[in-house]
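Have a look at the structure below, then the notes.
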Amino acid sequence: MTNQELANRLFPEVTTTPAEMEARYPERHLPEGAKVTRIAPSPTGFMHLGNLYGAMVDERLAHQSGGIFYLRIEDTDRKRLVEDGVETILSVFKRFGLNFDEGATLEGDKGDYGPYTQSERGFIYKTYVKDMLAKGMAYPCFCTEEELAENHRLQEENKENFGYYGKYAIWRDRPAEDVEAALEAGKPWVIRFRSQGSIEHKIRFEDLCKGTMEITENDQDVVILKSDGLPTYHFAHVIDDHLMHTTHVVRGEEWLGTLPIHIQLFDALGFKRPKYVHTAQLMKLDGTSKRKLSKRKDPEFALDYYFSEGIPIDAAVEYVMTLLNSNFEEWRRANQTAPLDEFKFNTKKMSGSGALFDLDKLSDVCKNVVARMSAEQVYDLTTAWAEDYDTQLYGLMTRDAAYTKAILSIGRGGKKPRKDFGVWNEVKTYMGFFFDELFAPDYTQMPSHVDGETVAAVLKAYMDVYRNSEASDANSWYEEVKALCPQFGFTADMKAYKAEPGKYKGSVGDIAMILRVAVCGRAQAPDLFSCMELMGKERVLERLQAAVR
RNA sequence: GGCCCCGUGGUCAAGCGGCUAAGACGCCGCCCUCUCACGGCGGAAACAGGAGUUCGAUUCUCCUCGGGGUCACCA
């Protein structure tokens, strides 16, 4: 049986040729220097930070160069498929503002290089496989799981490298009769690539993120087509990225180990190799050692987490960008309000080592991002979040939108905006006391060195002042509060009080605190005058009265 | 174990043969101040170790150590 006969026997249904495929997916006509990138997730229903991290690099690379950014679905592992996997992928990327120029969508493929779902590309992979078989570049392997396990056991015992190579490549040079017999017997088979590599040979390789490195040639006869007729990642990657004319492959550094296989395949098939960007792994501190961010242990790894916690999408994106490009923060400080698109992303500024995911830093970025927003934006984004995750808050915020927006305007804008919260799920706590339904005063936060009787007296005295108050701004309000001091033996001079606290029964600060606890129900709140003004006289008087004991 | 990647403060990081070794987050102190949140000022805190190259190494080379990844009909 010749190679050609074998090829025909294994793939009688395949009549297409590689040349036809090449013709069907011609070179793209793009401007000089345009990059073609892709993100190729598996529809497992779980989207994580790594997906976003890579996708952002792809997106920037393509769109900064006038190229194409596309989505390909890698669903060749049927065991891990999930019902709405593709939908999840699409919706998550959409929410993060990543726009694909072509690829899979819910309405079908968009673009001329499809299908963009690997399970629909069987005929393409098989066309190449059949050709490789005919040329002797690949061969069928009938090994059972047990035989492979036995190989592994022997290799372990002999302290040899694991895998399917050399004398362990059982079917590599099997006589035609054996192949014939196995076929007759109806044994299941896979197709393996006939490696010409040797671990004695090193290859110099240039990675756009990691720099130059030296890697060992692959000597394993890897499986390229599984027994279910679908390609392995290695093969699909090479065929797809070749035919789709991907110029830059961005993926996690966990792929570095299999890079020799990919290079070998590209070369053997006579394809031009894409450039690679192997990104450093996102890490997390576990006890005293670093480890890969894990789906099971780290909620912040899942992109769902950002939605449910109410982390502003823009902030998550900014944070990832700070991880991605070391000069991003500097740029952001200089260009506070510029759209992210204007940042010149550069693979050279990517860190080669794995960054620890820093929740403190994320939180800081969130606060800064939110501080830059208008009250209107904060209102919109918070209600959008609350609609799904906090119906009570949603109800209150939408009941009186103008009131809520006014609350959110306090201290916003200007050179030194307040940064009270950076996450939508903190909004309720921050402004809850403005709503009677959420007002739960804690009078124990009254100044401890002022006795209850005085507290009550202060409240009563202020109520009298407040009923006829003409205060129209924070300063005049403060003057009124200060005027209350003498009758209680307090001082309006904070400096003097701090210097000699013993000299006075209290200070204007204490009076303000008494009022604050009465009106806001707690010791911390934004500017009291603003709060009272928004709440309205009636409500404030009610609360002052309620605090009198 | 083989192969590969990585190694500057607690974290993220500038640096690319000569610097008092930036900056940011976090932490601490002070100032501002009606509290908080801002903002301002200041502080503690680092080149993993050892050889070599060099007049001179954080920077270049080698070794050691440490961390990580990967060795599937998963991606």
Side-chain angles (χ1 to χ4, degrees), chain A residues 40-42 44 74-77 79-80 141 143 145 148 152 155-156 159-164 188-192 199 205 207 210-211 213-216 218 220 222-228 230-234 236-237 251-260 278 280-281 283 285 288-292 319 322-323 326-327 329-330 333 349 351-365 367 371 410-411 414-421 430 445 447 474 477-478 481-482 492 494-495 507-517 520 522-529:
Chain A
S42 296
T44 60
E74 309 220 323
D75 59 346
T76 56
D77 183 3
K79 291 186 289 293
R80 294 201 306 162
C141 164
C143 276
E145 238 178 274
L148 259 16
H152 192 91
Q155 288 160 343
E156 200 156 43
K159 293 188 167 44
E160 292 174 300
N161 286 343
F162 303 132
Y164 199 90
W189 44 267
V190 300
I191 302 297
R192 287 181 184 272
I199 53 168
F205 173 77
D207 186 86
K210 298 272 183 185
M213 58 182 88
E214 198 162 80
I215 54 181
T216 309
N218 170 58
Q220 307 259 337
V222 294
V223 172
I224 55 177
L225 202 74
K226 300 185 280 188
S227 58
D228 62 7
L230 288 170
T232 55
Y233 170 87
H234 311 304
H237 155 51
R251 46 156 55 160
E253 64 181 336
E254 67 271 23
W255 290 106
L256 236 28
T258 49
L259 181 63
H278 286 96
Q281 210 59 246
M283 310 294 280
L285 206 56
T288 53
S289 68
K290 284 185 181 182
R291 53 145 237 265
K292 218 169 137 174
Y319 174 65
T322 65
L323 251 31
S326 56
N327 54 333
E329 277 189 272
E330 194 187 337
R333 258 194 302 283
K349 286 290 181 182
S351 173
S353 54
L356 270 193
F357 189 80
D358 186 348
L359 279 172
D360 281 332
K361 185 81 179 185
L362 205 213
S363 156
D364 181 65
V365 172
K367 285 182 176 174
I410 296 175
K415 279 254 178 273
K416 300 190 292 186
R418 298 185 62 90
K419 296 178 183 174
D420 295 286
F421 57 86
Y430 168 68
Q445 295 191 35
W477 171 83
Y478 191 42
V481 176
K482 280 208 265 193
M494 285 305 290
K495 276 207 173 68
S507 71
V508 62
D510 294 321
I511 296 189
M513 184 56 79
I514 291 166
L515 300 180
R516 179 174 298 106
V517 173
C520 303
R522 64 189 193 202
Q524 294 95 27
D527 169 58
L528 233 198
F529 171 75

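Order of the sequence lines fixes the chain letters, A, B, ..., with proteins taken first and strands second; residue numbering starts at 1 for each chain.
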Under 4.0 Å, counting only non-hydrogen atoms across every strand here, what does [X] touch: a base, just sugar-phosphate, or nothing?
{"X": "A:Ser42", "answer": "sugar-phosphate"}
{"X": "A:Glu253", "answer": "sugar-phosphate"}
{"X": "A:Val508", "answer": "nothing"}
{"X": "A:Trp477", "answer": "base"}
{"X": "A:Pro526", "answer": "base"}
{"X": "A:Arg192", "answer": "sugar-phosphate"}
{"X": "A:Asp527", "answer": "base"}
{"X": "A:Thr76", "answer": "sugar-phosphate"}
{"X": "A:Lys419", "answer": "sugar-phosphate"}
{"X": "A:Glu214", "answer": "sugar-phosphate"}
{"X": "A:Cys520", "answer": "nothing"}
{"X": "A:Ser507", "answer": "nothing"}

Looking only at atom [atom1], what distance separates [N] and [M], rounded to whole Å?
{"N": "B:C63", "M": "B:G2", "atom1": "P", "value": "14 Å"}
{"N": "B:C65", "M": "B:C28", "atom1": "P", "value": "39 Å"}
{"N": "B:G49", "M": "B:G7", "atom1": "C1'", "value": "12 Å"}
{"N": "B:C47", "M": "B:G15", "atom1": "C1'", "value": "10 Å"}
{"N": "B:C16", "M": "B:C74", "atom1": "C1'", "value": "40 Å"}
{"N": "B:G26", "M": "B:A45", "atom1": "C1'", "value": "12 Å"}
{"N": "B:C3", "M": "B:U64", "atom1": "P", "value": "12 Å"}

Could you spell out the base pairing of RNA chain B in dot-bracket, with Watson-Crick or G-U pairs whose two distances are under 3.5 Å, [ ] crossing and | to another strand?
-> ((((((((.[[[..)..(....]]].(((((.......)))))....[[[[[..)....]]]]])))))))....

Using a cut-off of less than 4.0 Å, is there contact between a side-chain N or O of [X] and OP1 or OP2 of [N]?
{"X": "A:Lys226", "N": "B:C74", "value": "yes"}
{"X": "A:Lys416", "N": "B:C32", "value": "no"}
{"X": "A:Lys495", "N": "B:C32", "value": "yes"}
{"X": "A:Tyr478", "N": "B:C34", "value": "yes"}

Expressed in angstrom and rounded to an integer, what is the separation of [X] atom [atom1] from [N] atom [atom2]?
{"X": "A:Asp420", "N": "B:C38", "atom1": "CG", "atom2": "C1'", "result": "9 Å"}
{"X": "A:Asp228", "N": "B:C73", "atom1": "CG", "atom2": "P", "result": "12 Å"}
{"X": "A:Gln155", "N": "B:G2", "atom1": "CD", "atom2": "P", "result": "15 Å"}
{"X": "A:Ile410", "N": "B:C38", "atom1": "CD1", "atom2": "P", "result": "16 Å"}
{"X": "A:Glu254", "N": "B:G69", "atom1": "CD", "atom2": "P", "result": "10 Å"}
{"X": "A:Leu356", "N": "B:G68", "atom1": "CG", "atom2": "P", "result": "11 Å"}

Do A:Glu330 and A:Lys349 sit within salt-bridge range, that is, some charged N less than 4.0 Å from a carboxylate O?
-> no

State, to 0.1 Å, how close A:Arg516 and A:Ala523 come at their nearest heavy-atom pair, and which atoms those are.
-> CD-O, 3.3 Å

Nearest-nucleotide comparison on RNA chain B, the residue closer to the 5′ end among A:Ala474 and A:Arg333 | A:Arg333

Side chain of A:Lys349 - closest among B:G15, B:C73, B:C34 = B:G15

Looking at A:Met513, A:Met494, A:Lys495, which hits side chain to side chain contact (heavy atoms under 4.5 Å, CB included) with A:Ser507?
-> A:Met494

